[in-house]
Each structure stands twice: as structure tokens, then as C-alpha cells.
Amino acid sequence: MIELRDVHKRLGGRQILDGLTLTVPEGMNFVLMGPSGTGKSVTLRHVIGILKPDQGSVRVDGQEVPAMDRAQLMALRKRMGYLFQNGALINWLTVAENVALPLREHGRLPRAETDDRVHEVLRLVGMDHAAHQYPPSISGGMRLRTGLARALVTKPEYVLYDEPNAGLDPIISQQIHELIVEVRDKVGVTGLVVTHSRACATFCGDRIGILEQGRLAVEGTVAELAHSDHPLARAFLGGDAD
Ligand SMILES: Nc1ncnc2c1ncn2[C@@H]1O[C@H](COP(=O)(O)OP(=O)(O)O)[C@@H](O)[C@H]1O
Ligand SMILES: [Mg+2]
């Protein structure tokens, strides 16, 4: 379980998080929505310990993340995959080499085991056929699948998804949404999904929270929010949202 309690954070002279409380229950996808620049990516960076709150608590399985030392943070990041916007791949490494990177960071597995694990996750995301291609020569959807494989390669219990369908067309986006659901249901991953997309939120989400002025303005199940009269819920999940 991921738990943020009353998190405050100032950045660049602005109060970005202002009492944010959010719980991601085990085995679920929690979708975090909100206008651009409200602190969604900043929230994810608190969960993996890149940023520390000025005040408040960030816990993963009851352990306080800001109090972790370097070794504990490394161990946490092994249990927590991070899918960056657009996949964030290294252009001069092949798809398979990009996916293998976290395994190399987390100690030395025998070569054969690394290869097996890399091909296992590439198969899971439907990218096994492109293992030896380079990121500039593959499509945006394929780059994102590769980023997801890299996020999954250490067999994490959690995955943080930052705008997983940004820049993708609706058909490719839907394939990514299906993968996110598969990762929850077949791999048993607990997800925190940042997105602007109604399709992503309603397809992948179990619970949705909408961030405004540093805290959740509204929070509930997908069904509750889809029928909510709250202006933000209507803006993000109502008839005109995409
Ligand atoms: N390291 C930083 N230093 C200063 N300001 C930052 C830093 N990281 C993020 N911000 C600011 O915090 C706000 C929230 O950023 P972010 O979480 O990336 O927004 P979003 O909700 O679009 O993901 C933005 O105004 C951004 O400019
Ligand atoms: Mg962001």
C-alpha cells in the first residue's frame, strides 16, 4: 500500500503540494488526474523518494520513504517500476538493452538469467520481435511498451505510470490501457497512474483522485466520479472530456 498523509511541498517559490492525502490500496490502479502543473509528477517523485516532503508522511508498505537511506531507497526502487512519459529510452541502446538496465543497476544477475527475464517482459508487452531495434526506429507506442517492460523487469510490486498515453493516438492508447490492466490482473501490480485521459482513467482505474491546489479536490471509485456533479470530475470525466 502507498500512503501519502498531509504532504506539503514548496518548489520554485510555490506551494505545489498543500496537505495531499492519498492512499493506493493493494492490487488496484489509483488514477491521479488534475490540470497541468498541479504536482502530479511531483507526487510520483515523492513516492520513489526523489523528492522529500517539507511536511507530512509518505509510506510504502508502512515504511517511511523520506527516512530511507541509500540502500533502502535502492531496495524500494527495485520493488517499484516507473514508466516515464514517452518511455524515456536511451537512443543508442537497443530495446533489449534498455529493458535490461534496471537489472544491471540492482546487482549482477548471470547473463543468461538477465536475457531470460528481458525476453519474458518483452513478450508480456508484445515487443519480443523488436528486441534488437533502436528507439529512434520504432513507433511511439512501441517506445512506451519498451518503457513498460523496463519498469516491470525487476518484478516490482508497484508501478508508477506518468501520462502513459501522452502523444499516442486513440487506438495505440487503448492497447496501452489494456496492458496496464493486464499488469494489474495477471502480474498483480499495484498502480499509481497519472493521466489526463478519461479513456485511460475509466478503463484502467479502480479509484480516481483529482488534484487541485495541492490536494485531492475529489476522490472516489470510477463509477462514483463518473456520476459526480463536482466541476472537476465533470471536466475530467464528463461528456466533453477526451
Ligand atoms: N525541481 C523543481 N524545482 C522547481 N519547480 C518544480 C520542480 N519540479 C516541479 N516544479 C514545478 O512544480 C509544479 C508541478 O509540476 P509537475 O508535478 O511536473 O506538474 P504536473 O501535474 O503537470 O505533472 C510545476 O509548476 C513545476 O514547474
Ligand atoms: Mg507531469
Side-chain angles (χ1 to χ4, degrees), residues 29 40-41 44-45 47-50 70-71 73-197 199-200 203-204:
N29 281 331
K40 301 182 296 297
S41 298
L44 296 184
R45 280 186 251 143
V47 176
I48 45 168
I50 294 174
R70 211 182 122 76
L73 277 176
M74 287 288 285
L76 175 75
R77 286 172 197 160
K78 195 173 169 191
R79 292 167 50 216
M80 190 166 283
Y82 199 118
L83 178 58
F84 295 91
Q85 221 168 311
N86 306 318
L89 305 178
I90 296 176
N91 282 343
W92 59 88
L93 297 179
T94 66
V95 162
E97 287 164 349
N98 267 283
V99 172
L101 277 178
L103 292 178
R104 305 205 194 293
E105 279 168 26
H106 291 290
R108 300 178 186 284
L109 272 185
R111 174 75 190 260
E113 257 177 67
T114 301
D115 288 350
D116 284 353
R117 182 65 194 146
V118 166
H119 286 286
E120 190 184 333
V121 278
L122 284 176
R123 267 196 305 280
L124 178 71
V125 303
M127 281 293 292
D128 208 27
H129 64 289
H132 302 296
Q133 296 201 43
Y134 287 85
S137 71
I138 61 178
S139 68
M142 288 167 81
R143 282 199 287 275
L144 210 83
R145 284 169 186 273
T146 306
L148 181 56
R150 189 179 56 190
L152 292 171
V153 77
T154 58
K155 300 190 179 175
E157 294 147 58
Y158 299 96
V159 174
L160 311 180
Y161 302 89
D162 201 350
E163 311 256 10
N165 65 8
L168 301 179
D169 70 48
I171 292 170
I172 304 295
S173 290
Q174 181 56 24
Q175 293 172 359
I176 300 295
H177 304 159
E178 285 168 14
L179 265 176
I180 293 173
V181 167
E182 202 176 318
V183 163
R184 178 194 63 196
D185 294 344
K186 294 202 183 141
V187 191
V189 162
T190 301
L192 179 51
V193 186
V194 165
T195 185
H196 282 109
S197 148
C200 180
F203 193 85
C204 305

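The figures here come from the full heavy-atom set of this structure, side chains too, leaving out hydrogens, waters and symmetry mates.
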What's the spacing between [X] [atom1] and [Y] [atom2] if we round to 0.5 Å?
| X | Y | atom1 | atom2 | result |
| --- | --- | --- | --- | --- |
| C200 | Q174 | SG | CD | 9.5 Å |
| R145 | L179 | CZ | CG | 5.0 Å |
| L192 | L44 | CG | CG | 5.0 Å |
| S197 | I176 | OG | CD1 | 12.0 Å |

Would you mind reporting whether [Y] and [X] have side-chain heavy atoms less than 4.5 Å apart?
| X | Y | value |
| --- | --- | --- |
| R150 | L89 | yes |
| Y161 | V183 | yes |
| V99 | T146 | yes |

Practice prompt. Could you note down all residue pairs passing salt bridge (charged side-chain N to carboxylate O under 4.0 Å, His left out) where residues 124-138 supplies at least one of them, sequence neighbours left out?
Written response: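 As it turns out, the salt bridge (charged side-chain N to carboxylate O under 4.0 Å, His left out) pairs with a partner in residues 124-138, which skip direct neighbours, are R123-D128.
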Closer than 3.5 angstrom, by distance alone: can the side chain of [X] be matched with the main-chain N or O of [Y] as a donor-acceptor pair?
| X | Y | result |
| --- | --- | --- |
| D162 | S41 | no |
| R143 | P135 | yes |
| D169 | I172 | yes |
| T154 | K78 | yes |

List the residues meeting salt bridge (charged side-chain N to carboxylate O under 4.0 Å, His left out) with [X], not counting sequence neighbours, and say none if there are none.
| X | answer |
| --- | --- |
| R111 | D115 |
| E120 | R117 |
| E163 | none |
| R104 | none |

Return all side-chain donor-acceptor pairs below 3.5 angstrom for residues 184-191, not counting sequence neighbours, or 'none' if the list is empty.
unit_1 : atom_1 : unit_2 : atom_2 : d
R184   : NH1    : D206   : OD1    : 3.1
R184   : NH1    : D206   : OD2    : 3.1
T190   : OG1    : G27    : N      : 2.7

Minimal non-hydrogen separation, [X] against [Y], with atom names:
| X | Y | answer |
| --- | --- | --- |
| L144 | L83 | O-CD1, 3.9 Å |
| V181 | C204 | CG2-CA, 3.9 Å |
| A96 | V118 | O-CG1, 3.7 Å |
| P164 | V193 | CG-CG1, 4.0 Å |

Could you pull out all residues at least two apart from [X] that satisfy side chain to side chain contact (heavy atoms under 4.5 Å, CB included)?
| X | value |
| --- | --- |
| L93 | I90, E97, N98, L101 |
| I50 | R45, I48, R77 |
| S139 | M142 |
| P136 | N91, Y134 |

Item to complete: Using ring-ring contact (aromatic ring centres under 6.0 Å, His included) as the criterion, list what pairs up with F203, not counting sequence neighbours.
Response: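 Partners of F203 by the ring-ring contact (aromatic ring centres under 6.0 Å, His included) criterion come out as none, since no residue qualifies.
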Item to complete: Could you list the residues that satisfy ring-ring contact (aromatic ring centres under 6.0 Å, His included) with F84, not counting sequence neighbours?
Response: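 Partners of F84 by the ring-ring contact (aromatic ring centres under 6.0 Å, His included) criterion, ordered by chain and then number, come out as Y82.
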Fill in: Verdict with reasoning, M127 to Q133, per side-chain contact (heavy atoms from CB on, under 4.5 Å)
CA-CA 10 Å; M127 281 293 292; Q133 296 201 43; over 6 Å; no
